[in-house]
Structure formats: C-alpha cells, structure tokens
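A quick write-up on the structure given underneath.
Keep in mind it's a predicted model, so treat the numbers as computed, not measured. All heavy atoms count here, side chains included; hydrogens, waters and symmetry mates do not.
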Amino acid sequence: MKMIRYAVSLVLAGVLLASCSSLLQPKENKVVSVAFSEDWKFQPGEGKDSLWMEPAYNDSAWATVSSKKPFTEQGQATQNGFAWYRKSVVLPDSLKSAIAEAGAFVLKLGRFASADEVYWNGTRVGKTSEFPPDYKGYSDQERNYFVKADSVKLETENLLAIKFHDGWGAGGFLDQSVLTIASAGTNDRLRMTVAVNDSDYVFLGDEPLSIGVSLQNLNSFALNGTLKVKITTDTYEAVKADSMAITIDGSALSEQEFTFRNPEPGFYRYTVTFERNGQTAAEKQFNLGYEPEKIESPIDAKADLKAFWDNNLKELAKVAPNYKLTLVPEYSKLDYDMYLVEMYSLDNELIRGYYGKPKRDGKFPVIVEYMGYGSGPYPPTQSWDGFAHFVLSIRGQALNKPTNRFGTWVTSGADSKEHYYYRGAFMDVVRAVDFVCSRPKVDASKIAVRGSSQGGALSFASAALDKRVKVAAPGIPFLSDYPDYFRIAPWPKSDFDTYMKEHPEATWEQVYEVLSYFDIKNLAQWITCPLYMGMGVQDNVCPPHTNFAAYNQVRSEKRWMACPDYGHSTSEAYWNASMKFIRETLEVD
C-alpha cells in the first residue's frame, strides 16, 4: 500500500512540475495586423520651414495619390528630389487592445525608396539613409519602424507623415505597397547591430575581415536561436558560413565576433541572421572589401581600340562647334554669370550645357562636370571658389532630353561600335573641353573633370581621350568591366536582356565585343593625369569591383576613398577631399 501511495505522489509531483513549467514559459504576444487604404496626401518639396509632419497642419490642398503605383505615374513629381506623404489613421478596436497589451507597434510601409524620415503624430519614429548633402545612395528595402504605444492616440485620428528624397526624382512607395500596422511581437523587440572592424569597410594587408554582431533582447524573457553569418563573393558564390546556437537572456545583450582569414582580393556580400522557431527574427546585409587594388580584371581591348578612338577624334575635329551662349539671369549670381551653351558635336549632334563665368578680371582654372545617367539638368551650384564651371548635358540627356532620338541610351546602337550611343557621348565630353578652352576667361592649362556614376565614367573617358585634362575626380564610375558588371548588378544587365529579346539575331559575344570599345577599364590605360576616385562600398548600381577594374589600369598618380555605408553615392568627405586634390594638382589657392 505504501508503494501505491508513493507512485501516486510521483504522478502528482509530475503534474505539478508540468503545470509550474507551463506557468514559467514566456507568453508571446499575439500579433494583430491591420492593413489600411492606399490613399495618401502628397506634396513635393523639402518642407524645411513648414510643419508638414504635425497633425494640426492642414493638407487639404495636397494632391491625393495611391501607394500602389509610383507617384510619377500619377502626374506628381519631387522638388529638388524631395517630397512628402501624409495619412490620417484611425485604429480599429482589435488593434487598440493588441497595441495596449504589447506596449508597442510596428509601422510596415512595404518597399520604399530612397532616403526617408517617418513621423508619427509629429515625432520622428524612423529613418533610413541620409538626406543631402550627405545622401548615401539609393535604398529600396522594406521599411518597418518600431513605435512605442505611448505615442498612439487610441480614440482619435493619428497622423503618419513621410519625408523622402530621391536623387533620381522618383522614389516613394514601390511594389503595390499599402500601410500595415501590427502590434509588436517578440521578434520586434530584438535589435541586431553589426560593427565592422575597419573604419572604411575595406581591409588591407594581413588583417582578416572581421565583424562584431550584437543582439539586444528587449523582451523580459530569454530567446533561443541560431546566429548565422553567410559570406559570398559579389557574384554570389558562397565562400564561408558560420553558425552558432545562442541564448539571449531577457533584457540582455549577446555579442559575438566573426572573422574571415586569407580572402582573395575583391568585395564580399555578408548576410547576418538570427533565426528562432524556424523564422528569421533579425537580419543585416552589407558589403566588405579586401585589397581592391589587387583585383584582377584584365584589359579585353581589341587590337584596333586606339585607332578607333583616334579616328573618332579626327571626325569630331571636322565638326564646327558654332558655340552659342545665352545669359540665364535667374541662375546668375553676384560673382558669376550663368549661360546656356549650345554647340555641335560628332555627327552634327546639338548638345547643351551650363557655363558659369566668373565676373572678376583675369583667367581662371575650370571644372568640367559630367552628369549621371538620366539626371535632370542643373547649373553649377557652388558659390565663388576661384573656378569657372561647365556642366555638360551629353546627347539625348538632361537639357537635350526633349529631342532625344536614342531611346534607351545604354543599349542604343549596340549592334556595332560605329552606331553605339557612347561613341557620340564620349566625343561630347571632348567637345566640352573644346568649349572651355575657347573661353577667354579660362586658363586652358588648368582643366579638371569630375562627375559621379555616368559622370564618373565620362570623367575617365575625358581624361583618357584628351590630354588637355590635367586632373580627374570620378565618383562611383559607370560603364566598367561589363562581363563582371552584369554578373554583379541587376542593371543595366536588365536593359540588355530586353535588347536581346528585341534583337534575336544578336549574340552576347557580339554585344560584349561592341561594349569593349566603350569600357572605361580599357580606356583607363591612357590616362596620364592625377586621378582621385570615390566609391560606395554598398553600391549595387556601379559596384566597387567594377570601379576598381578601371582604377587599377591607371598608371598615373592616383588615390581612392571608400565611403563605407554608402550605396550609389559618395560622401561629403570625398567631395571635400577631391576638391582639395584638384586645387593642389592645379596649384590653385
């Protein structure tokens, strides 16, 4: 009988232990998620001196747009790249109670471009990237912003405002986005940060690629999961994977170090994830570099490359430029006059630009600036700096876009080197140098060229094809190392995929042969002037691998600056350093 009582006691003890255990298990909040309408108020402009984020502001005069398609398709535009969205939000009862229980909620905007600040009831609750002058490039990932419940109005309207900037004049909501608000769940209270153990994210010498990963658990209970670090080349080939099971105590921080020793020269894609319960709870993606000046991207120039460009220069010389200058009073300043310039280039193509002529007496060094692919027209914007300035619009673009006859520029005429768009565009950059040399106020012995993206490529081309250029400052250069480029980045490969579908007679071998004549990697070997290149380590439009494919062929004095957390952009630090480099090279005070 005692044995039976003992067995019953064990059973009761087990039941009690199980019951206590279930009581001790953390209860994860049930997430309630509600989607709202697609309608938003929209207004172009920066709103610097306004209260456009405030609930009390009257936005009745703003346009109404849908978040399910680009605002550009709805007759709207940015102003200097800036615009705002506003939306009034009334929370349903189910979401009110869930937010009150969770103590926080998440604003889910879907995919959004490019740099943004998000305001909830007048208070900034989220930010991605930076606005000019420290713009960090295009960013189009999903936007999810964590907001504490004490900022929500449960019984009245809430005001959600988004200020954004996109240098392309587009941006905003992408991919059929609708606003979703969700009560905060367990994973929403997990914060991942990654520290790269090199200030510019580009490692040199014997140092391994090294990162520190911190996971902060804001929940009151412990989280168990797996921390993973996956590394691939920039062409997505797997090279290393680390994984470790970790437990993060409630309201605690977990820190781990990961290293990658003896990598090959190049750039690497990192994906750091923390997984729990079969889901990705937190994730960071970023790029690192190692010894970029040792990247091997051999020249693939054809034997007649030099003869081809020498002949184009001769053909350009036969075209009378017939310079025409028209004063633009609204762009003129106290210290310089601004002119619209019209002139003829190769094949008698009319091209335009803006010329800032100093009003002071004497001769001045000059900066010729080349523009990005598809950029809107702009005049020189700097105040007096001792230089004359010329901003060129190459054929079919910017000031010349109203008469564009080339269609998609990057694929136009890709059937042959004689017909390809950049044959004329590269001659346009030489004609720009012709123009500034013709100006009485320009010291033709002190010519600098600069530009970013396409403008960076045109700076390489200008310095390679024209020895009158004495210094070049290309940023994030385009048009380089096409075979590798198309394996790394989605565009402009996507435009060439369309071209191939429309031209079934074409082959990739033929296309790459044509492009080799316009690959700045092949032209860079002719550069003899000093050069200072800037690049964004996170750039997936003109990837750093392709930047260095051209840079590594330059045999003259050269230097580079990496902007570590920048995408398709460069920092103000590079801008200032490159101007200093230009001044020192040209011996300008």
Side-chain angles (χ1 to χ4, degrees), residues 129 134 136-137 139 192-215 227-244 255-273 283-298 456 474-477 480-481 484-485 487-489 521 531-554 557-574 577-578 581:
S129 192
D134 207 22
K136 293 190 175 182
S139 175
M192 175 188 285
T193 57
V194 176
V196 177
N197 297 324
D198 188 284
S199 60
D200 68 358
Y201 290 21
V202 178
F203 293 77
L204 303 173
D206 296 330
E207 58 178 334
L209 275 61
S210 175
I211 64 170
V213 181
S214 298
L215 286 165
L227 181 59
K228 298 181 178 180
V229 177
K230 183 177 76 171
I231 308 172
T232 74
T233 65
D234 52 8
T235 55
Y236 301 96
E237 298 169 11
V239 293
K240 194 174 191 291
D242 290 309
S243 178
M244 64 170 61
E255 296 179 306
Q256 308 294 334
E257 293 282 331
F258 296 89
T259 59
F260 176 23
R261 299 185 182 280
N262 302 315
E264 294 294 322
F267 287 84
Y268 294 89
R269 301 179 189 269
Y270 273 65
T271 302
V272 181
T273 57
E283 181 177 272
K284 295 286 186 182
Q285 295 181 338
F286 53 93
N287 302 331
L288 302 182
Y290 177 71
E291 288 286 11
E293 292 191 56
K294 296 180 181 177
I295 292 174
E296 293 186 4
S297 298
I476 49 176
S480 179
D481 201 20
D484 279 353
Y485 192 175
R487 285 191 288 269
I488 295 171
K521 172 186 71 175
L531 178 143
Y532 193 176
M533 184 182 76
M535 59 93 176
V537 181
Q538 311 308 317
D539 191 352
N540 205 38
V541 178
C542 298
H545 177 112
T546 65
N547 299 166
F548 278 94
Y551 178 90
N552 290 347
Q553 300 301 330
V554 176
E557 177 192 351
K558 61 183 178 179
R559 64 182 69 170
W560 54 269
M561 178 185 289
C563 305
D565 55 348
Y566 282 66
H568 192 53
S569 184
T570 52
S571 64
E572 189 174 9
Y574 168 70
S578 64
F581 183 76

Closest non-hydrogen atom pair between [X] and [Y], with its separation:
X      : Y      : answer
Val541 : Ala489 : O-CB, 4.3 Å
Tyr485 : Cys542 : OH-SG, 3.8 Å
Gly212 : Glu257 : CA-OE2, 3.7 Å
Tyr574 : Tyr532 : OH-O, 2.7 Å
Ser297 : Asp481 : OG-OD2, 3.2 Å
Gly534 : Pro477 : O-CD, 4.3 Å

Quick one: [atom1] on [X] to [atom2] on [Y], what's the gap to the nearest 0.5 Å?
X      : Y      : atom1 : atom2 : answer
Ile211 : Thr259 : CD1   : OG1   : 9.5 Å
Asp198 : Phe203 : CG    : CZ    : 4.5 Å
Glu237 : Thr232 : CD    : OG1   : 8.5 Å
Lys284 : Thr271 : NZ    : OG1   : 12.5 Å
Thr273 : Glu283 : OG1   : CD    : 6.0 Å
Phe258 : Lys240 : CZ    : NZ    : 8.5 Å

Would you say [X] and [Y] make side-chain contact, with heavy atoms under 4.5 Å?
X      : Y      : value
His545 : Thr235 : no
Cys563 : Tyr201 : no
Val239 : Phe260 : yes
Asp484 : Lys521 : no
Leu288 : Val537 : no
Leu227 : Val272 : yes
Leu531 : Pro474 : yes
Pro292 : Tyr551 : no

Are there more than 12 heavy atoms of other residues, nucleotides or ligands under 6.0 Å from atom [atom1] of [X]?
X      : atom1 : result
Glu293 : CD    : yes
Lys228 : NZ    : no
Lys230 : NZ    : no
Glu296 : CD    : no

Give me each pair satisfying side chain to side chain donor-acceptor pair (under 3.5 Å) with a member in residues 562-573, each pair once, sequence neighbours excluded. Asp134-Tyr566, Lys136-Asp565, Ser453-His568, Asp539-His568
Say whether, by atom type as modelled, one donor and one acceptor occur between the side chain of [X] and the main chain of [Y] under 3.5 angstrom.
X      : Y      : result
Arg269 : Asp234 : yes
Tyr290 : Gly205 : yes
Gln553 : Ala550 : no
Gln538 : Pro564 : yes

Go through Val229 and Gln256 one step at a time and tell me if the side chain to side chain contact (heavy atoms under 4.5 Å, CB included) criterion holds. CA-CA 11 Å; Val229 177; Gln256 308 294 334; over 6 Å; no
Return the orientation label for the Phe286 and Tyr270 ring planes: parallel under 30°, perpendicular over 60°, tilted otherwise. parallel
Trace of the side chain to side chain contact (heavy atoms under 4.5 Å, CB included) decision for Tyr236 with Arg487: CA-CA 9 Å; Tyr236 301 96; Arg487 285 191 288 269; over 6 Å; no
Lys294: partners by salt bridge (Lys or Arg N to Asp or Glu O under 4.0 Å), with sequence neighbours left out: Glu291
Would you mind telling me which of Thr233, Ile295, Thr546, Asn547 makes a side chain to side chain contact (heavy atoms under 4.5 Å, CB included) with Phe267? Ile295
Kindly indicate, with the supporting measurements, whether the criterion side chain to side chain contact (heavy atoms under 4.5 Å, CB included) is fulfilled by Leu215 and Met192. CA-CA 5 Å; Leu215 286 165; Met192 175 188 285; 3.7 Å; yes
